[in-house]
Peer 1: 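Handing you this structure, nothing more for now.
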Amino acid sequence: MKHQKMKIISRRNILYLIGGVASSALFTKFAIAKPNLALKRIKEISKSKFEEVDLFLDVPEIAENGNQVKVSFDIDSPMTKDEFVKTVYLLADGNPAPNVAKFSFTTDMGACSATTRMRLSKTQNVYLLAEYNNGKFAMTKSKVKVTIGGCGG
Amino acid sequence: MSKIKPRGKVPKKAAMDEIIEIKTLIRHPMHSGRMKDKDGKNIPKRIINKFLVKFNGKQVFGMDLEPSISTNPYIAFPFKAKESGTFDFEWNDDNGDKYTMSRKMDVS
């Protein structure tokens, strides 16, 4: 009897062992897959209250040189005192840091658009998050394929 | 190292309520802190971290820059012409330096 009991326990132990190995394998996979810092940042800024809409974000589909990637955006807004875009965030999920730029707009500008050039270290998504004066957030993203990365190192 | 030199393009004349485009460029290395020099040493982080535009003393546009912005930052933005005045551009460097530039615009 005693012997049999021992056997059962050992079998259970084997099951535990298998489970342990499987879960640790899962965890290492989780650790390798980097969390999306840009999305995390977007959720932090907007407190997860953003809508995914189609804003006009102009980035090239393929960037040959990641050192100079032209980015421009155009958000349809009347830019009057009652309705205007307050802040626009530009983020990238594959760069060492997710933040790229933050634009502060005022009603004096008459339109909500801007152009700049950014670095992209590898193929990744570029995010645009717009904050309206009424506290609403709108987000859009676009994928850029990068041939030669541009973050040094 | 090349001298830091701001440049800007503002139309000299604009019509009332016309939306003009202002283009600026500053020659700056924008060291992200991740690049290495010839000897394999890390170049310390030094970037333009803030860009401000004032029109007749009132702030109209601002931008916070991060290391992900390219060397020689180029920034273009719109502006609605309502009155004649002067634009004051200001770039803030990590090392505390400020680079400024002024441009005049006539509105008819």
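The structure displayed is predicted, hence computed values, not measured ones. Reminder, nothing fancy here: chain letters follow the sequence lines and each chain counts from 1.
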Peer 1: I'd like to know which of A:Thr116, A:Val88, A:Thr106, A:Thr115 tops the heavy-atom pair count under 4.5 Å against chain B.
Peer 2: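 When all of A:Thr116, A:Val88, A:Thr106, A:Thr115 are compared, A:Thr115 has the most.
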Peer 1: Say you draw a straight line from CZ of A:Arg117 to OH of B:Tyr74; how long is it, rounded to the nearest 0.5 Å?
Peer 2: 6.5 Å
Peer 1: In Å and rounded to the nearest 0.5 Å, what is the OG to CG distance from B:Ser68 to A:Asn99?
Peer 2: 8.0 Å
Peer 1: Which value, rounded to the nearest 0.5 Å, describes the distance between B:Glu21 atom CD and A:Ser113 atom OG?
Peer 2: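 B:Glu21 CD to A:Ser113 OG: 7.0 Å, rounded to 0.5 Å.
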Peer 1: Could you tell me which residues in residues 132-144 of chain A have at least one non-hydrogen atom under 4.5 Å from a non-hydrogen atom of chain B, sorted by residue number?
Peer 2: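 Result: none.
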Peer 1: Report whether B:Met16 and B:Ile22 are members of the same hydrophobic cluster (ILVMFWY, side-chain heavy atoms less than 4.5 Å apart, transitive linking).
Peer 2: yes
Peer 1: More than 12 foreign heavy atoms under 6.0 Å from CD of A:Glu52: is that the case here?
Peer 2: yes
Peer 1: For chain B, which candidate among A:Phe105, A:Tyr89, A:Phe103 shows the most heavy-atom pairs at distances under 4.5 Å?
Peer 2: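 Counting heavy-atom pairs under 4.5 Å, the top option is A:Phe103.
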Peer 1: Membership question, hydrophobic clusters at under 4.5 Å side-chain separation (ILVMFWY): are B:Val10 and B:Met101 in the same one?
Peer 2: yes
Peer 1: Mind ranking A:Lys102, A:Lys70, A:Gln68, A:Met118 by heavy-atom pairs under 4.5 Å with chain B and telling me who comes out on top?
Peer 2: A:Lys102
Peer 1: If Ile, Leu, Val, Met, Phe, Trp and Tyr residues are connected whenever their side-chain heavy atoms lie under 4.5 Å apart, and connections chain through other members, are A:Val85 and A:Leu129 in the same group?
Peer 2: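 Different clusters.
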Peer 1: Same hydrophobic cluster for A:Ile42 and A:Leu90, using side-chain heavy-atom links shorter than 4.5 Å among ILVMFWY?
Peer 2: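 No; A:Leu90 is not reachable from A:Ile42 via cluster members.
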Peer 1: How close do A:Gly110 and B:Ile19 get, counting heavy atoms only, and between which atoms?
Peer 2: O-CD1, 3.5 Å
Peer 1: Within the supplied structure, the quantity of interest is the number of heavy atoms (other residues, nucleotides, ligands) at a distance under 6.0 Å from A:Glu51 CD; does it exceed 12?
Peer 2: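 No, the 6.0 Å shell around CD holds no more than 12 heavy atoms from other groups.
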Peer 1: Cut-off 3.5 Å, side chains only: do B:Thr71 and A:Arg119 have a donor facing an acceptor?
Peer 2: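 There is such a pair between these side chains.
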Peer 1: Tell me, side chain or backbone of A:Ala97 under 4.5 Å from chain B's heavy atoms, or both, or neither?
Peer 2: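 Just the backbone, heavy atoms under 4.5 Å.
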Peer 1: Of all the residues in residues 47-66 of chain B, which have a heavy atom that comes within less than 4.5 Å of a heavy atom in chain A?
Peer 2: B:Lys58, B:Gln59, B:Val60, B:Phe61, B:Gly62, B:Met63, B:Asp64, B:Leu65, B:Glu66
Peer 1: Going hydrophobic residue to hydrophobic residue with side-chain gaps under 4.5 angstrom, can you get from A:Val53 over to A:Met79?
Peer 2: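 The answer is yes; both residues are in one hydrophobic cluster.
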Peer 1: Evaluate the side chain to side chain contact (heavy atoms under 4.5 Å, CB included) criterion for residues A:Val100 and B:Ile69: first the C-alpha distance (whole Å), next the side-chain angles of each, then the deciding distance (0.1 Å), finally the verdict.
Peer 2: CA-CA 6 Å; A:Val100 176; B:Ile69 296 289; 3.7 Å; yes
Peer 1: Tell me, yes or no, whether the heavy-atom count around B:Asn42 atom CG, taken from other residues, nucleotides or ligands under 6.0 Å, exceeds 12.
Peer 2: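 Correct, the count exceeds 12.
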Peer 1: Could you tell me which of A:Thr107, A:Asp108, A:Val71 has the largest number of non-hydrogen atom pairs under 4.5 Å with chain B?
Peer 2: A:Asp108
